[in-house]
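Only one structure is covered here, and it is reproduced in the block below.
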Amino acid sequence: MFCLTFGREEPAKKKGKGNFIRRMTTLRRGAPSQGRSAMLQAALMSAGMGGNIRPHFTCHDSIRRHILYVYNIARGSEKTLRRAKFEAFLKGTQGALWVEPLTQESYSFQDFFWVWSQNESAWSAVRRHEELDASKPISNYFISSSHNTYLDGNQLSSNSTADAYREVLSNGCRCIEIDVWNNPNSRSTSRTPSKSPQMEHRRQFSSNSIPRIAAERLDALMSRHSRSPSAPQSAFSSLESKHSRSPSAAQTTFSTLETRESSTTLDPRDLVGSRSRASSRSKEDKFNGEPVVHHHGTMTSIISFREVCIAVRETAFQRNPLPIIVSLEVGADKEHQEMMVQIMKEEWDGYLLDKPFDHIDHITQQPRLNELYNKILIKVKRISDKQVEDEIERGRKLGISSIRAKPPITKPLADLAIYTHSEHFDDHQSLHSRTPSHIFSLSEDCFHALAHDATKIRTLLSHNRDFFMRIYPKGLRVDSSNPDPSFHWRRGVQMVAMNWQCTDEGMMINDAMFANTHGWVLKPPGLLSDENIDVEDIPRRTLDLRITVLAGQAIPLPRDRRQLGGVGVMGDRKFRPMVKVELHVEKQKGGNQDLVKETVVAETDNPDWGYDSKSLDFFEVKDVIEGLSFVRFKVEDSSSIRDNLMAWACIRLDRLQTGYRCIDLLSKTRRKTEHAKLLVKVEKVFRAETPA
């Protein structure tokens, strides 16, 4: 895992991009901008292909040797490659779905290489997406989602920034989260959390009640950022409160598992002390008395709600017409909620869906995706006064002044949740809800307990075919790490909220699912609303996969590991790359199959594993859902013990093309580098499952 934590943007640097924009993920695939020298070189290379200008392409000798080897095999005993053999190579060996008519009778090595590398269907390891079928109700799609979108680092002490919204939206995220609270300088007389002496009886986390590694991470974070000796305890207590339910609910099966809607809050002025109060007062003019956004009960910084709304408006539909779902967690009082509604209607005018469509009754049906282009949908809770009273009464019996410290949602705000409203999840009986617009939000722990119960999995899958579910990371992920989203997708969950600022296994898989899409992906067969089939009948097959890593080039190295004389070094230590290939499929009960393979160690940042490189084989892998399985490539430095990830790629299994293929590598900050690539050979066979 590689977690990005960014510094604050300097006020003087208004024209340049902030750290967050410079270093955040970049999934867009386009031709790199070329200078005059590259353009000239491309023009000089033009010959023999109807006068076409060949784009500049840089290929290191490590890869070129293998391309020449393939060319020699394809041409056989002839001096050059004949057109018929070239077509057979492109369509047969490479399985290209589309090949531009070849105009020459024979092809030299240069012409062969250029024609092959310019045919994406024959060259790239990733198959191009088919056109999205947007005609189905919106619960039939996986949606690229973000958790606590405003944060640029860890969950306790990092910065909140509107740039985070710009970055995730421009990279295909279509479900964002905004935590909205009262302006810290407001003198509103609305209800605030009680400060009675009984507050000290709230449950507290301790190093004995959580895994030791989480406690160590927390200690390291808080020692750098705490304002007072009590701050770490308060921050951690509030974090638990946000993701926990009341102690009395432990008698119910799922009550002890976290649900976001039942969060409790702490006053930020109590948390960070007088220094924070002075800082808040200095920002009074900046927020203009309007609501603010931050991770309440922690030491994260504060930004204005209006600033976030402006960032969303500026970025949301620049190159992507598909709708956005805004998941609101609201701790603001009635007055601030009224301001929220006004701000959203002002800043999102023309985009905000603030009333139902005439032809779609939100009480009885969902809209189809193609009916929501360029629209912003609000997801917010509708909670009755009776629910609030019940929670307060339950809190009194436990000796707690108030379990729910957040005010109820006002009618003007609740009225914006038309086709996407939050509904409280109590236990598995809630899965029988049939309101088309409802969305259950569960923590990953709560969902795992539900999904592993054989008596409830059918009900869970049936619910998720027709209705929305959203999963968010458990509260112990204070380092902004991520769960494996594919576990939840295989059970029909539409929205798995991810911490985009952290490059780890979960985020790599998320990138693979939504790469080169607009953030909405149609579910595979078996998980769609018009299919009433049992869990055992979801299409699965047996996989035989063989991957041979041949060579690489321009492996991105950290600044202190840059090339010297053709060999990457750090002092006198050579850079020794190896490629680890991991197959991410549904884990079998009691299975011990090895789904992680690795190459031998090579040398330099242009490694060559040779013509006889040992293949990495994954044979007889059963129960594979092709569209929900992934292959991950990690280039690691075998000479480093820690922080050894240099580059990576992750590809959805059904998009992984066979033959000799080029893989574009991303750096560990998820930025695409122009020349970093792997050349691999892929052999993939699926077989129908044989009856037991």
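Position 1 is the first residue of the sequence; numbering continues from there. Remember, predicted model here, so these are calculated numbers, not experimental data.
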Do you know the tightest heavy-atom contact between His675 and Gln553?
O-NE2, 2.8 Å
I'd like to know if the side chain of Arg82 reaches the main chain of Lys85, judged simply by a donor and an acceptor atom lying under 3.5 Å from each other, with no hydrogens or angles considered.
no
Backbone of Tyr660 reached by a side-chain donor or acceptor of Gln94 within 3.5 Å:
yes
Apply the test ring pair (Phe, Tyr, Trp, His ring centres under 6.0 Å) to residues Trp116 and Tyr71: give CA-CA distance (whole Å), side-chain angles for both, the deciding distance (0.1 Å), then the verdict.
CA-CA 10 Å; Trp116 179 17; Tyr71 174 78; over 10 Å; no
Looking only at atom types and distance, does a side-chain atom of Trp520 sit under 3.5 Å from a main-chain N or O of Ile138, one as donor and one as acceptor?
no
Under a 4.5 Å cut-off applied to non-hydrogen side-chain atoms, are Asp544 and Arg687 in contact?
yes
For Val496 and Phe487, run side-chain contact (heavy atoms from CB on, under 4.5 Å): C-alpha distance rounded to whole Å, both residues' side-chain angles, the deciding distance at 0.1 Å, then the answer.
CA-CA 10 Å; Val496 184; Phe487 175 85; over 6 Å; no
Please determine whether side-chain contact (heavy atoms from CB on, under 4.5 Å) holds for the pair Ile555 and Phe575, giving the CA-CA distance in whole Å, both sets of side-chain angles, and the decisive distance to 0.1 Å.
CA-CA 10 Å; Ile555 305 301; Phe575 172 53; 4.0 Å; yes
Could you check if a side-chain atom of Thr503 sits within less than 4.5 angstrom of a side-chain atom of Met508, using non-hydrogen atoms only?
yes
Taking every heavy atom of Ala125 against every heavy atom of Ile663, the minimum-distance pair comes out as CB-CG1, 3.5 Å
Assess the side chains of Arg319 and His518: does a donor N or O sit below 3.5 Å from an acceptor N or O?
no
So, the side chain of Gln657 versus the backbone of Ser124: is there a donor-acceptor pair under 3.5 Å, distance only?
yes
Asp511 and its salt bridge (Lys or Arg N to Asp or Glu O under 4.0 Å) partner, picked from Arg670, Arg632, Arg652:
Arg670
Heavy-atom closest contact (Asn320 atom, Leu322 atom, distance)
OD1-N, 3.0 Å
Which distance, rounded to the nearest 0.5 Å, do you find between the CG of Asp594 and the CD of Glu582?
10.0 Å
Establish, for the pair Arg65 and Tyr69, whether the NZ or CZ atom is under 6.0 angstrom from the six-membered ring centre and no further than 45 degrees off its axis.
no
Does atom CZ of Arg128 have more than 12 heavy-atom neighbours from other groups under 6.0 Å away?
no
Donor-acceptor pair, His129 side chain versus Phe514 backbone, under 3.5 Å?
no
Let me confirm one number: the CG-CD distance from Leu616 to Glu598, rounded to the nearest 0.5 Å.
9.0 Å
Quick check for you: to the nearest 0.5 Å, what is the distance between Thr604 atom OG1 and Arg576 atom CZ?
10.5 Å
Is any side-chain heavy atom of Lys668 closer than 4.5 Å to a side-chain heavy atom of Asp643?
yes
Which label fits Phe112 and Phe109: parallel for a plane angle under 30°, tilted from 30 to 60°, or perpendicular past 60°?
tilted
Roughly how far, to the nearest 0.5 Å, is the CZ atom of Arg75 from the OG atom of Ser108?
11.5 Å
Would you say the side-chain atoms of Arg671 and Ser667 include a donor-acceptor pair closer than 3.5 Å?
no
For the OH atom on Tyr351, are there more than 12 heavy atoms of other groups (residues, nucleotides or ligands in this structure) within a distance under 6.0 Å?
no
Take Ser135 and Asn370 through the side-chain hydrogen bond (donor to acceptor under 3.5 Å, both in side chains) test and state the conclusion after the steps.
CA-CA 6 Å; Ser135 65; Asn370 55 15; 5.5 Å; no
Quick check for you: to the nearest 0.5 Å, what is the distance between Met646 atom CE and Glu636 atom CD?
9.0 Å
Heavy atoms of Trp609 and Gly552 approach each other most closely as CZ3-N, 4.1 Å
Looking only at heavy atoms, what is the nearest atom pair of Cys502 and Ser481, with distance?
SG-CA, 4.2 Å
Is there side-chain contact between Pro483 and Arg477, with heavy atoms separated by less than 4.5 Å?
yes
Under 3.5 Å, is there a donor-acceptor pair between the side chain of Ser62 and the main chain of Ala551?
no
Rounded to the nearest 0.5 Å, what separation is found between the NE2 atom of His147 and the CD atom of Gln501?
9.0 Å
So, the side chain of Ser121 versus the backbone of Leu97: is there a donor-acceptor pair under 3.5 Å, distance only?
yes
Let me know which of Val621, Val631, Val624, Asp617 forms a side-chain contact (heavy atoms from CB on, under 4.5 Å) with Leu545.
Val631
With a 4.5 Å limit on heavy-atom distance, are the side chains of Phe630 and Met513 in contact?
yes
Go through His584 and Glu505 one step at a time and tell me if the side-chain contact (heavy atoms from CB on, under 4.5 Å) criterion holds.
CA-CA 10 Å; His584 295 269; Glu505 175 184 301; 3.5 Å; yes
Arg490 (side chain) donor-acceptor with Leu628 (main chain) under 3.5 angstrom:
yes
Which word best sums up how the rings of Tyr611 and His66 line up, parallel for under 30°, tilted for 30 to 60°, or perpendicular for over 60°?
perpendicular
Please identify each residue that fulfils ring-ring contact (aromatic ring centres under 6.0 Å, His included) with Phe633, with sequence neighbours left out.
none
Taking atom CD of Glu130 as the centre, does the number of heavy atoms from other residues, nucleotides or ligands within less than 6.0 Å exceed 12?
no
Are side-chain heavy atoms of Leu132 and Leu369 found at a separation under 4.5 Å?
yes
Could you check Leu557, Asn644, Val635, Thr599 and say which one makes a side-chain contact (heavy atoms from CB on, under 4.5 Å) with Pro577?
Val635
Does any N or O in the side chain of Arg127 come within less than 3.5 Å of the main-chain N or O of Leu656, such that one atom is a donor and the other an acceptor?
no
Closest heavy-atom pair and its distance - Ile625, Ile538
CD1-CG2, 4.1 Å
Just by modelled atom types, is the Phe113 backbone N or O under 3.5 Å from a matching donor or acceptor in the Ser117 side chain?
yes
Step by step, work out the side-chain contact (heavy atoms from CB on, under 4.5 Å) result for Gln494 and Lys523.
CA-CA 9 Å; Gln494 294 85 355; Lys523 292 181 180 180; 3.2 Å; yes
Are Asp152 and Asp163 close enough that some pair of their side-chain heavy atoms sits under 4.5 Å apart?
no
So do Trp500 and Met507 actually touch side chain to side chain, heavy atoms under 4.5 Å?
yes
